[in-house]
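Residue numbers begin at 1 in each chain, while the letters A, B, ... track the order of the sequences. Please read these numbers as outputs of a predicted model, since none were measured by experiment.
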There are 2 protein chains.
Amino acid sequence: MSTRDQIVEAADGLFYEQGFAHTSFADVAGAVGISRGNFYYHFRTKDEILDAVIARRVEATRAMLARWEEESGDPAGRIRCFIRILVANGGKIAAFGCPVGSLTAELAKLGHAAQAEAGQIFTLFRDWLRAQFEALGFAAEADGLAMYLLSRSQGAAVLGSAFRDEAYLRREADDLCAWLDAKLSPTRKD
Amino acid sequence: MSTRDQIVEAADGLFYEQGFAHTSFADVAGAVGISRGNFYYHFRTKDEILDAVIARRVEATRAMLARWEEESGDPAGRIRCFIRILVANGGKIAAFGCPVGSLTAELAKLGHAAQAEAGQIFTLFRDWLRAQFEALGFAAEADGLAMYLLSRSQGAAVLGSAFRDEAYLRREADDLCAWLDAKLSPTRKD
DNA sequence: GTCTATACCATGATAGAC
DNA sequence: GTCTATCATGGTATAGAC
C-alpha cells in the first residue's frame, strides 16, 4: 500500500476515534510511522487530508452498498444488511458513535466547507434505502421510510455511545427488523 | 450577574456552537469581554469550565422539566413539551445539533472523564419521560418508550443538522406527536 | 477582582539535506 | 520519497502589579 493510502487510512481511523479537530498531524504521522516532514509531501493542509478521508469513506460506502446488492437478492434482506451494521460495528459505535453522524456533526459546528461532502454519505444511504423500499412497493412512502431508518440508526448510535451500551444497540437492531417485518406483513399495515 | 456566571454562560454557548475542543480560552474571554489573565482567577483549567458548563446544563434541564410539570397537568401534554423542543429550538438544532447529544459524542471521542456527567442529562430526560409514561399506565413498557422518544429525537437532530433542514425537524415532531396519540388511543395498541 | 506580561508547549506549516 | 531542522501561531497556564 502506498504511503499516501496509509496516511488516509490512519487519518480515517483517528478522525473517527478522536475527532477531526482533536487529531494532529503528529498523531497521524505517528500512526503511520513517518515523520511530520514527510507528511507534507503528501498533504499540504489538514483540510486536504479531510477531503481524502471523506472521499475514501464515500468509496467504501458505495462498495458496501454494492456488496449488499450482491449478497442479498431481495430488497428486504438488503435493508436488514443496513440494520445489522448496528450489531456488526456495535463495539465501535458504543465507543465512538456513528462515523458518518459524528463527523458531519463536528464539521457542522466548525462551519467547515467539507460538511456538505460528508453529508453526501447520508444521501448515499438514503437513496439506496429508498430504492429498496420502492422495490418493495412503497412508492410515495419510500423516502420517508428511508429517512425513518436512517434516523432510528442515528438515534441508536448516539444513545448507544452516550450510555456505552452495546446491548442496547442489539435491541434496537432487533426492534428495527421487527418494524420492517411488520411493514412487509400484509396483515399489519401501519 | 457575576463574572463567573458570565464565563460559564458564554462557554456554554461556545461549546455548543463550536465544540469543546475547538473553543479556546481566548474565545470565551473575548465573548465575556475580560482578559485571559482574569479568566484564570475563576477557572484554573479548561476541564473546570467544562464541569461548570455541564453542571449549569444539568440545572437548566432540571428547571425545564420542573416547568413542564407545572405547565401541563397531564403526562401526555408533558411528553408533548419534550417533543416540541425539536421545533422550538429548530434553528439551532439544524445548525449545531442537539447540545446534549453532540457534547456527549465529543467527550466520548476525547475519552474525557466528564463524559459520564454529560450523559447524566440524558438520564434526567429518560427518567422523567419514563415517569410520564408510567403515569399513563405503561408500567413495564415505560422505560422502553422513554428510550424510543429519546432515540427518535437524537436521530432527528443528527439528520436535521446533517441536511440543515429545519422543516424536517418539524415533520419529525409532528410524527412523534402522532405516534404518541396512537399509543394513547385505546383502539390502536401497538 | 481585574489587568498585563510572560513562560511553555503543541500544532500547522516550510526549507532544504539525503 | 523520506528525513531533520526550523519557524510562526495560538492555546494553556502562571506570576505578579494594580
Side-chain angles (χ1 to χ4, degrees), chain A residues 1-56 102-103 106-115 117-118, chain B residues 1-56 96 102-103 106-107 109-115 117-118:
Chain A
M1 186 163 49
S2 73
T3 305
R4 190 195 148 94
D5 289 342
Q6 281 181 283
I7 290 174
V8 177
E9 188 180 28
D12 192 346
L14 287 169
F15 288 175
Y16 177 36
E17 299 186 2
Q18 303 189 340
F20 171 69
H22 197 246
T23 299
S24 68
F25 284 170
D27 290 334
V28 183
V32 180
I34 61 171
S35 71
R36 269 178 301 168
N38 183 13
F39 199 96
Y40 282 88
Y41 172 78
H42 300 281
F43 295 98
R44 288 141 74 114
T45 70
K46 203 176 174 184
D47 289 351
E48 277 186 28
I49 311 171
L50 178 62
D51 288 340
V53 166
I54 292 174
R56 177 191 154 93
S102 56
L103 182 64
E106 185 178 2
L107 297 182
K109 280 187 201 273
L110 299 183
H112 199 287
Q115 197 248 352
E117 290 172 324
Chain B
M1 188 163 48
S2 73
T3 305
R4 189 197 149 93
D5 288 343
Q6 283 181 281
I7 290 174
V8 177
E9 187 180 29
D12 192 347
L14 287 169
F15 288 175
Y16 177 36
E17 299 185 1
Q18 305 189 340
F20 171 69
H22 197 247
T23 300
S24 68
F25 284 170
D27 290 334
V28 183
V32 180
I34 61 172
S35 71
R36 273 178 297 170
N38 184 12
F39 199 95
Y40 282 88
Y41 172 78
H42 299 281
F43 295 98
R44 288 142 76 111
T45 70
K46 203 177 173 184
D47 289 351
E48 276 187 28
I49 311 171
L50 178 62
D51 288 340
V53 166
I54 292 173
R56 177 191 153 93
F96 311 112
S102 56
L103 182 64
E106 185 178 1
L107 296 182
K109 281 187 200 276
L110 300 183
H112 199 287
Q115 197 248 352
E117 289 172 326

Item checked: F43(A) and R4(A), any side-chain heavy atoms less than 4.5 Å apart ->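 Yes, at least one pair of side-chain atoms sits under 4.5 Å.
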Check: What are the residues of residues 14-42 of chain B, sorted by number, that bring a heavy atom to within less than 4.0 Å of DNA chain C?
Finding: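 Within residues 14-42 of chain B, the residues near DNA chain C are I34(B), S35(B), G37(B), N38(B), Y41(B), H42(B).
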Margin query: Keeping K46(B) on the side-chain end and T23(B) on the backbone end, is there a donor-acceptor pair under 3.5 Å?
Written below: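 Between the backbone of T23(B) and the side chain of K46(B) there is a qualifying donor-acceptor contact (under 3.5 Å).
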Notebook entry, point to check: Does the side chain of Q6(A) reach to within under 4.5 Å of the side chain of M1(A), using non-hydrogen atoms?
Noted result: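 Q6(A) reaches M1(A) side chain to side chain.
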Check: Can you find a pair of side-chain heavy atoms, one from L107(B) and one from L50(B), that are under 4.5 Å apart?
Finding: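 L107(B) vs L50(B): side chains touch.
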Check: What bend angle does the helix from dG1(C)-dC18(D) to dC18(C)-dG1(D) show across its length, from five-pair end axes and to the nearest 10 degrees?
Finding: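 Roughly 0° between the end axes, to the nearest 10°.
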Notebook entry, point to check: Once you round it to whole Å, what is the distance between C1' of dT11(C) and CG of D47(A)?
Noted result: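 Going from D47(A) (CG) to dT11(C) (C1'), I get 14 Å.
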Item checked: Distance in angstrom units between E48(A) CD and dA13(C) C1', rounded ->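 Roughly 12 Å, once rounded to whole Å.
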Check: Do the side-chain N and O atoms of D5(B) and S2(B) include a donor-acceptor pair separated by under 3.5 angstrom?
Finding: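 D5(B) vs S2(B): donor-acceptor pair found between side chains.
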Check: Are E48(B) and H42(B) side-chain neighbours, meaning at least one heavy-atom pair lies under 4.5 Å?
Finding: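 A side-chain contact is absent here, since even the closest heavy-atom pair is not under 4.5 Å.
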Notebook entry, point to check: OP1 or OP2 of dT2(C) sitting under 4.0 Å from any side-chain N/O of T3(B)?
Noted result: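 So the side-chain polar atoms of T3(B) do come within 4.0 Å of the phosphate oxygens OP1 or OP2 of dT2(C), strictly under.
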Item checked: Chi angles and distances behind the side chain to side chain donor-acceptor pair (under 3.5 Å) call for H22(A), D27(A) -> CA-CA 9 Å; H22(A) 197 246; D27(A) 290 334; 5.9 Å; no
Item checked: Validation row: V28(A), I49(A) side chains within 4.5 angstrom (heavy atoms) ->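 V28(A) vs I49(A): side chains apart.
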